[in-house]
Amino acid sequence: KAYRVDRIERVVECEPPPNAPPEPLPYDHPSHPRIRVCLGPKGLKRLESDQHLFPLVRGLEAPAAIEFHCPPEELDWYARFFGDLLEDAVVESPRELIDRILDHAATLQKIYKKV
C-alpha cells in the first residue's frame, strides 16, 4: 500500500500487540554460532565476489581466514557453500557446521554410488 506523505497529519507511537513475536536478533549477534574457516587460494578467490563475506576475510593471500556469527537457521546454506569448496575452505568451527558438511558429503556419496 502506498501513502502520500503530504496527506499524513500526525504520527503516534503505538504499543506492540500483546502477542507480538519478539524482535529477531541481529544477524551477527554474539549468541549465534561463530563460524571460523581457513581459506586456500580458490576459497579466497570465491569469496572475493561475495559482497557480504569478503569484507570479513582476514588476509589477502592464502592461507587466509574468515570468522563471523550467523543465525543457526543459516548453517545448512553455509554447509553447502563451504563444503563445495573442499580443501580450499576448511571449516574449523562450529562442530554443528562441520557435521552438516559431512552429512552433505554422505548424501552426495550415496547418490553417486547408485550411478
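- Atoms NE2 and NE2, on His29 and His69 in that order, are 9.5 Å from each other to the nearest 0.5 Å.
- For Leu39 against Ala65, the heavy-atom pair with the smallest separation is CD1-C, 4.4 Å.
- In terms of heavy-atom proximity, Gly83 sits nearest to Ile101 at CA-CG2, 4.0 Å.
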Discussion item. Salt bridge (Lys or Arg N to Asp or Glu O under 4.0 Å), that's the test. Do Arg80 and Asp84 meet it? Break it down for me.
Written reply: CA-CA 6 Å; Arg80 290 187 305 276; Asp84 290 346; over 6 Å; no
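- Considering all non-hydrogen atoms of both residues, Pro71 and Pro33 come closest at C-CD, 4.5 Å.
- In this structure, CG on Leu53 lies 4.5 Å from CD1 on Ile66, to the nearest 0.5 angstrom.
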Practice prompt. Could you walk me through whether Phe68 and Val37 pass side chain to side chain contact (heavy atoms under 4.5 Å, CB included), step by step?
Written response: CA-CA 9 Å; Phe68 60 97; Val37 182; 5.6 Å; no
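- When the shell of 6.0 Å around CD of Glu73 is examined, it contains more than 12 heavy atoms from other residues, nucleotides or ligands.
- Atom OG1 of Thr107 is separated from atom CG of Leu102 by 11.0 Å, given to the nearest 0.5 angstrom.
- The environment of Leu60 atom CG is sparse: at most 12 non-hydrogen atoms of other residues, nucleotides or ligands sit within 6.0 angstrom.
- Both Phe54 and Leu56 are assigned to one and the same hydrophobic cluster, defined by single-linkage of ILVMFWY side chains at heavy-atom distances under 4.5 Å.
- Within the 4.5 Å cutoff, side-chain heavy atoms of Ile35 are placed close to those of Pro94.
- For the atom pair CG of Leu44 and CG of Asp88, the computed distance is 9.5 Å after rounding to the nearest 0.5 Å.
- The side-chain heavy atoms of Lys42 and Leu85, taken from C-beta on, include no pair separated by under 4.5 Å.
- Hydrophobic cluster membership differs between Leu86 and Leu108, with clusters built from Ile, Leu, Val, Met, Phe, Trp and Tyr side chains linked at under 4.5 angstrom.
- In this pair, Tyr78 and Phe82 present their aromatic rings parallel. The plane angle is below 30°, not in the 30 to 60° band.
- Distance check, rounded to the nearest 0.5 Å: CD of Glu96 to CG of Asp76 gives 8.5 Å.
- How far CG of Leu75 is from NE2 of His32: 10.0 Å, rounded to the nearest 0.5 Å.
- The environment of CG in Asp6 is crowded: more than 12 heavy-atom neighbours from other residues, nucleotides or ligands sit within 6.0 Å.
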